[in-house]
There are 2 protein chains.
Amino acid sequence: MGRPPSVKPTSFDIAYLAGVSQPTVSRALRGSKSVSAATRANIERIARELNYMVDKNASSLRSQRTHTLALLFFEDPTPDESMINPFFLSMLGSITRECALRGYDLLISFQQMHNDWHVAYQDSHRSDGIILLGYGDYQLYLSKLEHLVEMGTNFVRWGSVSSEGIGLTVGSDNVGAGEQAGAHLVEIGRRAIAFLGDASDHAPEFQDRYTGLCRALRAADIVPDAALQRDAISSEASGYAAAQSLLAGRKRFDAIFAASDLIAIGAMRALSEAGLKLPQDVAIIGFDDIPAAGLTSPTLTTVMQDMKGAGTLLVDALLASIDGRPVEQRMLPARLIRRQSTAV
Amino acid sequence: MGRPPSVKPTSFDIAYLAGVSQPTVSRALRGSKSVSAATRANIERIARELNYMVDKNASSLRSQRTHTLALLFFEDPTPDESMINPFFLSMLGSITRECALRGYDLLISFQQMHNDWHVAYQDSHRSDGIILLGYGDYQLYLSKLEHLVEMGTNFVRWGSVSSEGIGLTVGSDNVGAGEQAGAHLVEIGRRAIAFLGDASDHAPEFQDRYTGLCRALRAADIVPDAALQRDAISSEASGYAAAQSLLAGRKRFDAIFAASDLIAIGAMRALSEAGLKLPQDVAIIGFDDIPAAGLTSPTLTTVMQDMKGAGTLLVDALLASIDGRPVEQRMLPARLIRRQSTAV
DNA sequence: GGCCATAGGGTATACGTATACGCATAATAT
DNA sequence: ATATTATGCGTATACGTATACCCTATGGCC
């Protein structure tokens with residue numbers, strides 16, 4: 001029934017010291033109820049004394065459960081290789097914390113959008129499930145998701161909840177947030193409100209925000225004007241370009257709702273360079289509340305998403321899906337943060 | 001010698017199809033040279049067709065190598081629970097990329113500084129080595145490092161390389177960087193240069209930066225004035241407070257070198273509120289080149305560390321240490337980024 | 001007092017891979 | 001032609017845990 005304790009203690013060592021068999025040790029430590037309280041206490045004491053830790057590999061191999069989740073960042077290739085979207089990074093903290101709380105490890109990896117879906121597949125073999133945080137062209141993204149579904153991989157992704165999507169999705173109430181932003185701009189007297197951000201189904205989240213804006217406009221009896229919308233991806237450069245294009249157009253506008261803070265910041269630069277006064281000439285609202293939003297001048301009114309809730313919900317939904325519990329799509333409320341860029 | 005292919009292919013399935021034994025499959029796929037080219041090619045082909053992937057748990061269990069590194073963020077507890085130092089986050093990208101390149105997985109976890117060292121110990125059992133990214137009181141940190149050394153854990157940490165430290169360290173040339181910053185301020189005609197940041201051995205990196213500044217001052221025949229130094233930790237609030245304390249002092253100053261961008265940004269706010277013109281009245285230099293540094297007004301001159309190189313070097317050093325190869329402490333050059341806050 | 005249920009825990013084994021060892025055959029040396 | 005070595009691969013087994021199954025003792029029940 002045993003050998004004496006060795007270098008790295010195993011369940012056998014504990015069994016030997018406790019005078020029981022190895023399986024009993026396993027049962028005791030995993031909380032099986034078919035082990036007496038006295039035996040369990042004894043085993044737990046010895047384990048603590050020896051600094052014993054269950055060997056994760058052996059355990060996973062046997063049980064076929066890794067107790068590990070993989071976090072996969074999907075991104076469009078950027079010129080600056082090492083840049084990561086600050087918005088998703090802010091979710092990292094809460095996801096990690098939530099995983100730790102549930103006793104799960106978190107594996108992390110970054111992928112360029114154009115890469116083989118194989119990577120995700122690979123990750124699915126090292127973990128019980130995958131959390132997907134992606135941005136970029138949604139249509140490119142789709143085929144990868146289909147592969148995952150096909151293979152029965154457990155995964156959740158952050159994205160647009162309102163549009164029907166593939167797989168389990170958690171996201172902010174983008175439509176509602178867009179509506180709040182629009183209502184606020186109307187409230188401060190603006191009527192010619194431009195939207196910067198791709199409004200097609202290549203970017204469902206942006207599309208939702210635009211939908212919300214339009215809804216707010218109609219509620220104020222304003223007819224949304226397609227001539228005041230410009231496509232932009234989430235980068236400062238893209239926002240700058242979009243705003244310039246807007247300025248070049250013949251349509252006048254007195255406010256901008258940008259689909260992300262980076263776009264808004266780029267737009268602000270373009271507007272300033274054109275000699276416009278913010279927010280007097282043009283009020284502007286961003287989205288995400290990245291740290292930089294509080295540092296621009298004027299400081300940027302924006303929509304704050306519930307990142308902490310997001311991490312919790314993502315992990316929660318994924319674990320439910322892994323355990324075969326029923327899960328529903330869930331939407332998180334977003335909140336408007338009023339700053340100088342809309343203070344008139 | 002086998003059974004037919006099953007659901008999730010194993011090396012046995014491949015062996016069966018290739019008409020060889022399982023160990024041969026293992027050898028072929030791991031690149032052992034005691035397998036003929038023909039056999040290997042055949043095995044690789046079959047593996048590809050079956051979408052075979054080596055079971056990480058089984059492999060790790062047998063070989064006692066996980067091919068996984070753990071990234072551990074150590075932080076002082078912050079009021080805002082989910083905030084992570086943006087500076088370290090920017091290292092995340094390059095570390096991940098480097099790991100992927102070397103075929104290593106990356107496990108990630110966050111820890112409050114005051115937590116049990118046990119967490120690190122635990123992580124050391126799920127990985128071949130640990131990368132420590134920490135900030136906060138270095139003295140608190142020390143005992144944890146000693147534990148790790150004691151246990152023979154492989155680890156590298158980001159920190160001050162010049163001061164003698166425990167374990168393997170990789171870091172920027174903080175002294176040199178401080179010297180560059182000081183020289184630049186002298187060059188634009190400033191002579192009363194303040195330093196914001198803890199200059200004690202509780203924060204070796206900040207101390208190094210201060211040392212560098214003093215060196216530059218002496219080179220210009222200026223005697224460093226201790227009355228122009230204020231302790232600060234890396235946060236905006238702390239920088240704000242430190243600058244206010246400086247303003248309250250009777251010593252006049254015409255420049256500030258802040259030990260981090262966050263400190264600098266806080267200080268800028270305090271100075272602006274005091275009616276001082278930047279950079280005319282006070283020039284200011286930060287450290288880290290966080291994204292926000294380019295967005296403040298005036299934009300902030302700062303020191304950019306080589307984050308990409310840092311990730312590479314950290315992983316490199318750790319793997320060397322794991323493989324028992326000799327490793328030396330290494331220092332990365334830092335570069336001054338000139339912006340408006342020192343443009344006179 | 002015989003019968004069955006239950007608690008408590010032991011026995012055997014599987015998870016999938018990597019490696020020490022041994023054994024042929026072929027290549028080379030003498 | 002025999003001894004020697006290298007090449008290529010099979011055999012056996014270990015890594016440490018979790019679980020299906022089996023056994024024993026005890027207690028309750030009629």
Side-chain angles (χ1 to χ4, degrees), chain A residues 1-44 46-47 50-68 103 122 125-126 128, chain B residues 1-44 46-47 50-68 103 122 125-126 128:
Chain A
M1 192 156 76
R3 36 175 199 220
S6 53
V7 201
K8 175 195 165 193
T10 72
S11 53
F12 280 97
D13 298 326
I14 300 190
Y16 174 80
L17 291 174
V20 298
S21 71
Q22 176 270 326
T24 299
V25 172
S26 175
R27 281 188 282 249
L29 296 178
R30 310 228 46 234
S32 156
K33 57 185 172 155
S34 74
V35 102
S36 76
T39 308
R40 161 171 301 118
N42 190 32
I43 288 175
E44 280 171 348
I46 297 178
L50 291 193
N51 253 322
Y52 169 77
M53 310 220 55
V54 173
D55 184 299
K56 192 114 192 305
N57 296 310
S59 169
S60 298
L61 176 58
R62 176 60 233 242
S63 66
Q64 301 292 61
R65 281 285 299 264
T66 65
H67 269 262
T68 298
Q122 196 169 320
H125 271 270
R126 291 150 160 47
D128 295 336
Chain B
M1 194 156 73
R3 35 173 201 223
S6 52
V7 200
K8 175 194 165 194
T10 73
S11 53
F12 280 98
D13 298 325
I14 300 190
Y16 175 80
L17 291 175
V20 298
S21 70
Q22 176 270 326
T24 298
V25 173
S26 175
R27 279 188 283 250
L29 296 178
R30 310 228 45 236
S32 157
K33 56 184 176 161
S34 74
V35 102
S36 76
T39 308
R40 162 171 301 118
N42 190 31
I43 288 175
E44 282 171 345
I46 297 178
L50 292 194
N51 253 323
Y52 169 76
M53 310 222 55
V54 174
D55 184 298
K56 192 112 192 308
N57 295 310
S59 169
S60 297
L61 175 58
R62 173 63 232 243
S63 65
Q64 300 293 60
R65 282 285 299 267
T66 64
H67 270 261
T68 297
Q122 195 169 318
H125 271 270
R126 293 151 160 48
D128 296 335

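Please read all numbers here as calculations on a predicted model, not as lab measurements. Sequence lines set the chain letters: A, B, ... in the order given, protein chains first and strands last, and positions in each chain run from 1.
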What salt bridge (Lys or Arg N to Asp or Glu O under 4.0 Å) pairs are there with at least one residue in residues 50-63 of chain B, not counting sequence neighbours?
-> B/Lys8-B/Asp55, B/Lys56-B/Asp105
Name all residues meeting the side chain to side chain donor-acceptor pair (under 3.5 Å) criterion together with A/Ser59; count only those two or more places apart in sequence or in a different chain, and write none if there are none.
-> none
Winner on side-chain proximity to A/Pro23, out of D/dG16, D/dT19, C/dT17, is D/dT19
Contact under 4.0 Å: A/Ser21 side-chain N or O vs C/dG10 OP1/OP2 = yes
Report which part of the nucleic acid B/Thr39 touches: base, sugar-phosphate, or nothing (heavy-atom distance under 4.0 Å, all strands).
-> sugar-phosphate
May I ask you to evaluate whether A/Tyr52 reaches the phosphate of D/dT17, defined as a side-chain N or O under 4.0 Å from OP1 or OP2?
-> yes
Looking at the side chain of A/Ser63, which of C/dG10, D/dA18, D/dC15 is the nearest nucleotide?
-> D/dA18
Residue-phosphate contact under 4.0 Å: A/Ser11 side-chain N/O, D/dT17 OP1/OP2 = yes
Those residues at least two apart in sequence (or on a different chain) that pass side chain to side chain donor-acceptor pair (under 3.5 Å) with A/Ser63 are none
Which residues pass the side chain to side chain contact (heavy atoms under 4.5 Å, CB included) test with A/Thr24, sequence neighbours left out?
-> A/Val20, A/Ser21, A/Arg27, A/Val35, A/Thr39, A/Ile43
For DNA chain C, which residues in residues 25-37 of chain B have a heavy atom at a distance below 4.0 Å?
-> B/Ser26, B/Arg27, B/Arg30
Look at the side chain of A/Asp55 and decide which nucleotide, out of D/dG16, D/dT19, C/dT19, has an atom nearest to it.
-> D/dG16
List every contact pair, protein side and nucleotides 24-26 of chain D side both N or O, where the distance is under 3.5 Å.
none

If you fit an axis to the five pairs at each end of the helix from C/dG1-D/dC30 to C/dT30-D/dA1, how big is the angle between those two axes, to 10 degrees?
-> 40°
Apply side chain to side chain contact (heavy atoms under 4.5 Å, CB included) to B/Glu44 and list each qualifying residue two or more places apart in sequence or on a separate chain.
-> B/Leu29, B/Arg40, B/Arg48
For A/Asn57, all residues meeting side chain to side chain donor-acceptor pair (under 3.5 Å), sequence neighbours excluded | none
Protein-nucleic acid N or O pairs under 3.5 Å, nucleotides 22-27 of chain C:
none

Where A/Ser11 and A/Gln22 come nearest, the two heavy atoms and their spacing = OG-CG, 3.2 Å
Hey, is the side chain of B/Gln64 poking within less than 4.0 Å of OP1 or OP2 on C/dT17, counting only N and O atoms?
-> no
Please examine the side chains of A/Arg126 and A/Thr66, heavy atoms only from C-beta on, and report whether any two atoms are closer than 4.5 Å.
-> no
With sequence neighbours excluded, residues passing side chain to side chain donor-acceptor pair (under 3.5 Å) with A/Asn42 | A/Arg45
Distance test, side-chain N/O of B/Thr24 to OP1/OP2 of D/dG8, below 4.0 Å | no
